[in-house]
Amino acid sequence: MGKVRREKWSNEFSEWYNEILETAGIIDKRYPVKGMNVWLPYGLRIMRNIEAFIRAEMERTGHDEVLFPALIPETEFQKEAEHIKGFEDEVYWVTHAGLDPLDVRLILRPTSETAMYSMFSLWIRSHADLPFKVYQIVNVYRYETKHTRPLIRVREISRFFEAHTAHADFEDAERQVKEDLEIFDRLAKFLALPYIISKRPEWDKFPGAYYSLGAEIMMPDGRTLQIGTMHNYRQNFARAYDIKYETETGEHEYVHQTTFGMSERLLAAVISVHGDDNGMVLPPTIAPIQVVIVPIPKKDASVDVFAYAREIAEELRKAGFRVHVDERDIRPGRKYYDWELRGVPLRIEVGPRDVEGRKAVIARRDTMEKFTVERENVVEDVRKTLDEIHENLYNRAKEFLEGHIKRVDTIEEAKEVFEDRRGIVEIPWCGSEECGLKMEEELDAKMLGVPYPEEKAKAPEGKRCPVCGREAKFMARFARTY
RNA sequence: GGGGCCGUAGGGUAGCUUGGCCCAUCCUGCGGGCUUUGGGAGCCCGUGACCCGGGUUCAAAUCCCGGCGGCCCCA
């Protein structure tokens with residue numbers, strides 16, 4: 001009691017993760033198609049809370065919500081050469097209608113650029129239409145050949161967020177990327193998730209992009225998980241899909257485009273990063289139940305603990321909290337374990353002693369600490385404690401992330417760091433693809449890219465690329481990734 | 001692309017080598033009853049499974065062949 005354990009969480013993360021998803025009621029992975037899972041009510045409620053925040057941010061920043069069809073004609077899909085090359089071996093094809101083969105085959109969208117952009121070319125006419133900013137949250141399909149993993153690597157991404165924008169020039173597109181980063185930062189704070197941003201190397205950018213940024217978090221087993229991406233396409237897609245606008249002086253110019261993407265990996269990150277051996281720990285911002293009240297009856301007690309519990313619940317609800325009173329006829333200890341597993345950030349226990357003394361016991365999910373508060377201070381103490389929990393989750397995760405980033409100068413040192421296959425290594429790099437790929441191979445890790453913004457990416461004076469010995473231009477990040 | 005392992009109730013498992021004692025074991029879950037409630041109580045009753053197809057045999061969860069599905073390792 002009162003002790004946070006993270007042994008299984010850290011040492012047997014895969015088992016921990018699968019078990020939690022199932023027992024906490026997030027998803028049911030028994031659906032008979034590989035890589036496709038069923039969302040359960042509790043998991044969906046958490047995801048909806050995350051999406052509510054994203055939608056509010058989209059509204060705040062002037063994005064409109066749209067909804068495109070899931071099917072894309074082969075002819076549209078093939079317009080941007082790099083894009084098709086990047087996705088062709090992982091799209092699902094619709095080739096028949098009934099028994100007859102289709103004249104033009106259709107793909108199930110793996111992402112929506114090629115669905116959207118022919119429409120963009122119809123919609124965007126003049127400079128007055130720019131910047132043009134839309135988003136949607138839909139399911140997309142990718143035939144993953146590597147191991148699928150619920151919420152992380154799936155063949156149907158159920159909650160794929162994608163914002164697409166078009167701009168008059170490169171500078172405005174760059175402003176959009178900055179805005180995306182700011183939105184992402186606010187979202188990450190909302191989820192209490194510390195992260196890093198890297199600019200992807202040329203060989204790993206999004207197919208068709210001019211450059212790609214990726215946001216990563218640190219998983220309990222020391223691997224990184226990408227939970228957000230921002231791309232500047234420049235005019236690559238505009239040329240392929242003929243998206244032009246008329247300037248103030250009457251010329252026709254191709255637009256500059258960006259995208260910003262996220263998915264249910266956000267939920268995977270929240271569950272993984274904040275959890276412990278007892279289960280999930282949800283940030284109060286997204287917990288479907290923020291406070292659970294467990295009445296502790298005594299057979300011969302003269303007081304009504306249930307009435308007392310309901311009364312506190314009502315007061316908390318009026319103050320704006322999401323509260324549940326657990327009146328099930330099972331023992332309290334069982335209820336504690338139940339709600340801990342489901343990550344409810346704060347529990348209130350009320351027994352006859354509390355009713356008589358006008359008190360309540362508060363138990364924090366993050367630290368597993370318990371303390372007694374006065375009845376009349378409950379609302380205030382709950383508010384304060386929930387805030388502290390959120391802050392503590394963020395700080396704990398930040399410490400974990402930062403403790404897993406190491407700077408080294410040589411391949412040998414990097415290998416030493418990776419001996420336990422954990423963490424992120426930053427190593428000087430000349431910037432050539434050849435040396436980058438060589439390091440990936442030597443380290444058995446992926447290059448995430450270089451720190452972003454660019455100022456942070458520069459290698460300190462005098463550092464040399466450990467592969468070719470030339471002067472290092474950047475510090476490159478390597479990690480084992482999901 | 002190459003190699004290996006595995007499919008038994010909702011979840012986890014025993015049984016398989018050496019076929020019969022298996023209308024299949026135990027834990028958990030689920031429904032009901034009694035009793036209890038400050039950290040997973042107990043007892044009783046009930047519920048529910050051998051991946052699919054073919055073969056061998058007097059007899060198949062067990063052996064053989066094929067299919068489907070899952071997992072792991074290597075490139």
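So you know, we letter chains A, B, ... as the sequences are listed, proteins then strands, and number each from 1. Scope of the values below: all heavy atoms of this structure, side chains included, with no hydrogens, waters or symmetry mates. Owing to the predicted nature of the structure, the values given are computational and were not obtained by experimental measurement.
Under the Watson-Crick or G-U wobble criterion, with both distances below 3.5 Å, B:G40 has no partner in any strand shown. Base pairing of B:A61 is not made with any nucleotide, judged by Watson-Crick or G-U wobble geometry with both donor-acceptor distances under 3.5 Å. Under the Watson-Crick or G-U wobble criterion, with both distances below 3.5 Å, B:G69 is paired with B:C6. Within the shown strands, nothing qualifies as a pairing partner of B:G48 under the Watson-Crick or G-U definition with both distances less than 3.5 Å.
A cation-pi arrangement is present between A:Arg347 and A:Tyr336 under the rule of less than 6.0 angstrom and at most 45 degrees off the ring axis. For the pair A:Arg155 and A:Tyr141, the NZ or CZ position fails the cation-pi test of under 6.0 Å to the six-membered ring centre and within 45 degrees of the ring normal. Judged by the 6.0 Å and 45° rule, A:Lys199 forms a cation-pi pair with A:Tyr211. For the pair A:Arg480 and A:Phe418, the cation-pi criterion (under 6.0 Å, within 45° of the ring axis) is not fulfilled.
Between the CG atom of A:Asp28 and the P atom of B:G11 there is a distance of 9 Å, rounded to whole Å. The separation between A:Trp339 atom CH2 and B:G39 atom C1' is 16 Å, rounded to whole Å. For A:Arg30 and B:G12, the CZ to P distance is 9 Å, given to the nearest whole Å. With rounding to whole Å, A:Asn18 atom CG is found 12 Å from B:C71 atom C1'. Here the C1' atom of nucleotide B:G39 and the CD atom of A:Glu369 are 17 Å apart, to the nearest Å. Rounded to an integer number of Å, the gap from CZ of A:Arg149 to C1' of B:C71 is 12 Å.
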Protein-to-nucleotide contact annotation, 5' to 3' order, nucleotides 29-38 of chain B [B base; S sugar-phosphate only; - none; under 4.0 Å, heavy atom]: S------BBB

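Looking at A:Arg310 and A:Glu327, a side-chain N of the basic residue comes within less than 4.0 Å of a carboxylate O on the acidic one, giving a salt bridge. Salt bridge present: A:Lys370 and A:Glu349 bring a charged side-chain N and a carboxylate O closer than 4.0 Å.
Only the P atoms considered, B:C16 is 13 Å distant from B:U62, to the nearest whole Å. Spacing between B:G7 and B:U47 at atom P, rounded to whole Å, works out to 28 Å.
As judged by a 4.0 angstrom heavy-atom cut-off over every strand, A:Glu19 is placed among residues making no nucleic acid contact.
A heavy-atom distance below 4.5 Å is found between the side chains of A:Glu426 and A:Ile405.
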